[in-house]
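First the structure, in the form of structure tokens, and then the observations on it.
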Amino acid sequence: EIKIIPRFEKVPGCLYVGLILREPQHDEGFSMTVWDSGENLRAFEESGVYRENLEEVRPYLSGSSEERIQLSGDMKLEYVSVPGEPTVRSYKALAQMGPEIPGQEKSYLANLRLLTVKIQPGKMEEFRRLYIDEIIPVLKTVRGCRYALLTEGLEERNEAISITFWDSRRDIDDYEQSGLFTELNNRVKHTFTGLYRWKMAVDEQTSRHAVTSDDQTVQYYSVVIGKSFQ
């Protein structure tokens, strides 16, 4: 908070930075940064600030990973895996609810839900349209849901992640247990891969009500510290 965030605040194109830990164990986490373009992201990596930040926190890490989101453009990024280096994954934003990503001044800072889905080849644009037309309008009415962002993987182009910020974990649980999540899921699940649909069919036949599979996972995180520069 004292050293890393002020550095990012001075970097052109950085819109958000956050340190995020998995709930409830707090045994795994990642750094998430959001950028307005691929050009500014590349300039940041080449400036030496990225390396300076990494060396600053390395003594405290047993392993490290970093999530990056590109808000605009159609850039493709490639990363070479280097032993001992962070695992870096990059995503392009496809849709968002609200003009700003929550920063540390927001009361709903600490509650983050990640829904990862695998999409059939050629179906990502349909999924994006349905997310905008069908899911975001409903999320706007759900108690406690403050922000939603849909991203597409730049390395795995059939992977999409829905990121939502909430007032409380209780609001997330109420949303999932109310049946609304299942209803929204049913509106878009025809775009998911066949493996997901087959697993859902097996679950239904055995009277199980699982909402996750190898092709759809839900994870919960707390944002230890985060700041929006928008």
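The chain is numbered in sequence order, starting from 1.
- In terms of hydrophobic clustering, with Ile, Leu, Val, Met, Phe, Trp and Tyr side chains grouped at heavy-atom distances under 4.5 Å, Ile132 and Leu184 are assigned to different clusters.
- Distance check: Leu115 CG to Asn185 CG gives 7.0 Å after rounding to the nearest 0.5 Å.
- Listed by chain and number, the residues in a side-chain contact (heavy atoms from CB on, under 4.5 Å) with Glu176 are Arg113, Ile172, Asp173, Val218, Tyr220 (sequence neighbours excluded).
- Using modelled atom types, one side-chain atom of Gln120 and one backbone atom of His190 make a donor-acceptor pair closer than 3.5 Å.
- Once rounded to the nearest 0.5 Å, the distance linking CG of Leu150 with CE of Met124 reads 7.5 Å.
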(message) Go through it in stages, so that I can follow the logic: the residues are Glu39 and Arg42, the test is salt bridge (charged side-chain N to carboxylate O under 4.0 Å, His left out), and I'd like the CA-CA distance, side-chain angles, deciding distance and then a yes or no.
(response) CA-CA 5 Å; Glu39 289 75 15; Arg42 283 194 295 269; 3.7 Å; yes

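- With rounding to the nearest 0.5 angstrom, the CG atom of Leu149 is 5.0 Å from the CD1 atom of Ile163.
- Taking both residues in full, the closest heavy atoms of Phe127 and Phe192 are given as CE1-CE2, 3.9 Å, listed atom of the first, atom of the second, then distance.
- In this pair, Tyr16 and Phe165 present their aromatic rings perpendicular. The plane angle is above 60°, beyond the 30 to 60° band.
- Rounding to the nearest 0.5 Å places OG1 of Thr141 at 12.0 Å from CZ of Arg143.
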(message) Using the rule given for side-chain contact (heavy atoms from CB on, under 4.5 Å), can you reason through Val49 versus Phe8, listing the C-alpha separation, both sets of side-chain angles and the distance that settles it, and then say yes or no?
(response) CA-CA 8 Å; Val49 178; Phe8 274 108; over 6 Å; no

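- For Arg187, the CZ atom counts as densely surrounded, since its 6.0 Å shell holds more than 12 non-hydrogen atoms of other residues, nucleotides or ligands.
- The distance from the SG atom of Cys14 to the CZ atom of Arg7 is 13.5 Å, given to the nearest 0.5 Å.
- Atoms CZ and CD1, on Arg128 and Ile119 in that order, are 13.0 Å from each other to the nearest 0.5 Å.
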(request) Assess whether side-chain contact (heavy atoms from CB on, under 4.5 Å) is satisfied between Tyr131 and Leu94, documenting all intermediate values. (result) CA-CA 9 Å; Tyr131 192 91; Leu94 300 179; over 6 Å; no

(request) Starting from the C-alpha separation in whole Å, work towards a yes-or-no answer on side-chain contact (heavy atoms from CB on, under 4.5 Å) for Leu139 and Tyr175. (result) CA-CA 10 Å; Leu139 289 179; Tyr175 162 67; 3.9 Å; yes

(request) Determine, stepwise, if the pair Glu159 / Glu152 fulfils side-chain contact (heavy atoms from CB on, under 4.5 Å). (result) CA-CA 6 Å; Glu159 180 181 88; Glu152 174 190 11; over 6 Å; no

